[in-house]
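A short write-up of the structure that comes next.
Each residue takes its place number in the sequence, starting with 1.
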Amino acid sequence: MAGIKHLVMAKFKEGAAVEQLLLDMKKLALELDIIKSFEWGEDVMKNDKYSHGFTHTFIFMFDSAEDVAAYMKHPRHVEYGKKFRAGTEKILAVDFPTVIDKIATA
(Lines give C-alpha, C1' and ligand atoms only; values in the text may rest on other atoms or scores of the structure.)
Protein backbone atom coordinates (compact mmCIF):
# COMPACT_ATOMS: atom_id res chain seq x y z
CA MET A 1 0.00 0.00 0.00
CA ALA A 2 1.30 3.44 -0.93
CA GLY A 3 -0.35 5.35 1.94
CA ILE A 4 -3.63 6.95 2.96
CA LYS A 5 -5.18 9.94 1.24
CA HIS A 6 -7.37 12.39 3.11
CA LEU A 7 -9.58 14.02 0.47
CA VAL A 8 -11.63 17.08 1.35
CA MET A 9 -14.12 18.77 -0.97
CA ALA A 10 -15.55 22.15 -0.04
CA LYS A 11 -18.00 24.77 -1.16
CA PHE A 12 -17.09 28.11 0.38
CA LYS A 13 -19.67 30.55 1.68
CA GLU A 14 -20.30 33.74 -0.23
CA GLY A 15 -17.94 36.36 1.15
CA ALA A 16 -15.61 33.85 2.83
CA ALA A 17 -11.93 34.77 2.99
CA VAL A 18 -11.02 31.92 0.62
CA GLU A 19 -7.53 33.18 -0.24
CA GLN A 20 -6.59 33.41 3.45
CA LEU A 21 -8.06 29.98 4.18
CA LEU A 22 -5.99 28.53 1.31
CA LEU A 23 -2.81 30.24 2.53
CA ASP A 24 -3.40 28.95 6.06
CA MET A 25 -4.04 25.43 4.79
CA LYS A 26 -0.81 25.46 2.77
CA LYS A 27 1.08 26.70 5.82
CA LEU A 28 -0.41 23.94 7.97
CA ALA A 29 0.51 21.29 5.42
CA LEU A 30 4.10 22.59 5.15
CA GLU A 31 4.62 22.78 8.91
CA LEU A 32 3.30 19.35 9.92
CA ASP A 33 5.74 16.56 9.03
CA ILE A 34 3.01 13.94 9.43
CA ILE A 35 1.57 15.25 6.12
CA LYS A 36 3.69 13.68 3.38
CA SER A 37 2.21 15.66 0.49
CA PHE A 38 -0.52 18.18 -0.16
CA GLU A 39 -2.24 19.21 -3.36
CA TRP A 40 -5.38 21.13 -4.14
CA GLY A 41 -7.35 22.65 -6.95
CA GLU A 42 -10.47 24.52 -7.92
CA ASP A 43 -13.15 22.91 -10.10
CA VAL A 44 -12.64 24.00 -13.70
CA MET A 45 -15.80 22.49 -15.20
CA LYS A 46 -18.27 24.23 -12.85
CA ASN A 47 -20.96 21.65 -13.60
CA ASP A 48 -23.18 21.39 -10.51
CA LYS A 49 -24.81 18.26 -11.91
CA TYR A 50 -21.57 16.39 -11.20
CA SER A 51 -19.81 18.57 -8.60
CA HIS A 52 -22.89 19.00 -6.38
CA GLY A 53 -21.73 22.56 -5.72
CA PHE A 54 -18.28 21.65 -4.41
CA THR A 55 -15.74 24.14 -5.75
CA HIS A 56 -12.40 23.07 -4.24
CA THR A 57 -10.66 19.75 -3.58
CA PHE A 58 -7.77 19.18 -1.18
CA ILE A 59 -5.71 15.99 -1.00
CA PHE A 60 -3.38 15.22 1.88
CA MET A 61 -1.13 12.15 1.82
CA PHE A 62 -0.25 10.24 4.99
CA ASP A 63 1.79 7.09 5.64
CA SER A 64 -0.99 5.35 7.61
CA ALA A 65 -4.53 5.57 8.96
CA GLU A 66 -2.97 6.14 12.39
CA ASP A 67 -1.22 9.22 11.01
CA VAL A 68 -4.54 10.54 9.67
CA ALA A 69 -6.10 9.99 13.10
CA ALA A 70 -3.19 11.81 14.78
CA TYR A 71 -3.55 14.69 12.31
CA MET A 72 -7.27 14.99 12.99
CA LYS A 73 -6.53 15.45 16.73
CA HIS A 74 -3.50 17.71 16.25
CA PRO A 75 -4.11 21.09 17.94
CA ARG A 76 -3.07 23.03 14.81
CA HIS A 77 -5.56 21.06 12.67
CA VAL A 78 -8.33 21.47 15.24
CA GLU A 79 -7.73 25.24 15.35
CA TYR A 80 -7.60 25.55 11.56
CA GLY A 81 -10.65 23.30 11.14
CA LYS A 82 -12.82 25.74 13.10
CA LYS A 83 -11.91 28.57 10.71
CA PHE A 84 -12.31 26.33 7.65
CA ARG A 85 -15.76 25.10 8.70
CA ALA A 86 -16.87 28.66 9.49
CA GLY A 87 -16.01 29.67 5.91
CA THR A 88 -17.66 26.75 4.16
CA GLU A 89 -21.21 26.03 3.17
CA LYS A 90 -20.58 22.30 2.90
CA ILE A 91 -17.70 19.84 3.24
CA LEU A 92 -17.14 16.24 2.20
CA ALA A 93 -14.16 14.32 3.59
CA VAL A 94 -13.03 10.79 2.74
CA ASP A 95 -9.96 8.83 3.85
CA PHE A 96 -8.84 5.94 1.67
CA PRO A 97 -5.83 3.75 0.94
CA THR A 98 -4.02 4.65 -2.23
CA VAL A 99 -4.10 2.08 -5.01
CA ILE A 100 -1.95 2.99 -8.00
CA ASP A 101 -2.95 1.30 -11.24
CA LYS A 102 -1.15 3.64 -13.61
CA ILE A 103 1.88 5.84 -13.13
CA ALA A 104 2.21 9.05 -15.11
CA THR A 105 5.01 9.06 -17.63
CA ALA A 106 6.83 12.04 -19.02
Side-chain angles (χ1 to χ4, degrees):
M1 179 168 44
I4 301 291
K5 287 193 177 180
H6 173 65
L7 179 137
V8 178
M9 296 176 71
K11 177 179 182 180
F12 290 100
K13 291 179 180 175
E14 189 72 35
V18 176
E19 293 301 321
Q20 187 61 53
L21 288 168
L22 295 174
L23 287 172
D24 291 347
M25 185 180 289
K26 289 180 211 178
K27 182 177 178 185
L28 179 68
L30 289 170
E31 292 178 354
L32 297 181
D33 291 337
I34 199 166
I35 299 170
K36 300 306 174 192
S37 69
F38 169 66
E39 55 190 291
W40 70 277
E42 187 172 349
D43 181 28
V44 295
M45 301 304 286
K46 314 263 190 252
N47 184 338
D48 278 351
K49 179 179 177 184
Y50 299 111
S51 69
H52 300 278
F54 291 105
T55 57
H56 293 73
T57 300
F58 308 93
I59 303 171
F60 299 82
M61 181 63 128
F62 295 88
D63 283 336
S64 67
E66 293 79 17
D67 286 351
V68 176
Y71 167 71
M72 298 303 281
K73 296 177 187 174
H74 193 285
R76 297 274 323 278
H77 174 261
V78 172
E79 178 185 333
Y80 175 76
K82 290 175 186 175
K83 295 176 192 174
F84 186 77
R85 284 189 301 278
T88 55
E89 188 174 311
K90 62 181 178 175
I91 301 169
L92 173 70
V94 181
D95 303 296
F96 58 95
T98 301
V99 178
I100 300 173
D101 286 327
K102 181 178 179 179
I103 303 218
T105 57

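D33 CG: 12 or fewer foreign heavy atoms inside a 6.0 Å radius. Counting non-hydrogen atoms of neighbouring residues, nucleotides and ligands closer than 6.0 angstrom, the OH atom of Y50 reaches no more than 12 such neighbours. Heavy-atom contacts from other residues, nucleotides or ligands closer than 6.0 Å to NZ of K13 number more than 12. The neighbour count for K82 NZ, taken as heavy atoms of other residues, nucleotides or ligands under 6.0 Å away, does not exceed 12.
The shortest heavy-atom contact between I34 and A70 is CD1-CB, 3.8 Å. What you find for H77 and M72 is that their closest heavy atoms are ND1-O, 3.3 Å. Closest approach of K5 and I59 over heavy atoms only: CD-CG2, 3.7 Å.
The distance from atom NE2 of H74 to atom CG of D67, rounded to the nearest 0.5 Å, is 11.5 Å. Separating the CD atom in Q20 from the CE atom in M25 is a distance of 12.0 Å, to the nearest 0.5 Å. Note: K46 NZ to T55 OG1 = 7.0 Å, rounded to the nearest 0.5 Å.
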Side-chain polar contacts of residues 84-93 - donor-acceptor pairs under 3.5 angstrom, sequence neighbours left out - could you list them?
from: R85; atom 1: NH1; to: G81; atom 2: O; distance (Å): 3.3
from: T88; atom 1: OG1; to: F84; atom 2: O; distance (Å): 3.2
from: T88; atom 1: OG1; to: R85; atom 2: O; distance (Å): 3.2
from: E89; atom 1: OE2; to: K11; atom 2: NZ; distance (Å): 3.4
from: K90; atom 1: NZ; to: H52; atom 2: O; distance (Å): 2.3

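Ring-plane geometry between W40 and F58 is classed as parallel, the angle between the planes falling under 30 degrees on a 0 to 90 degree scale with a further cut at 60. F38 and F60 have tilted rings, their planes meeting at an angle from 30° to 60° on a 0 to 90° scale.
For E31, the side-chain hydrogen bond (donor to acceptor under 3.5 Å, both in side chains) partners two or more places apart in sequence, or in a different chain, are R76. For D43, there are no side-chain hydrogen bond (donor to acceptor under 3.5 Å, both in side chains) partners at least two apart in sequence or on another chain.
Among the candidates I35, V68, T98, the single residue satisfying the side-chain contact (heavy atoms from CB on, under 4.5 Å) test with M61 is T98.
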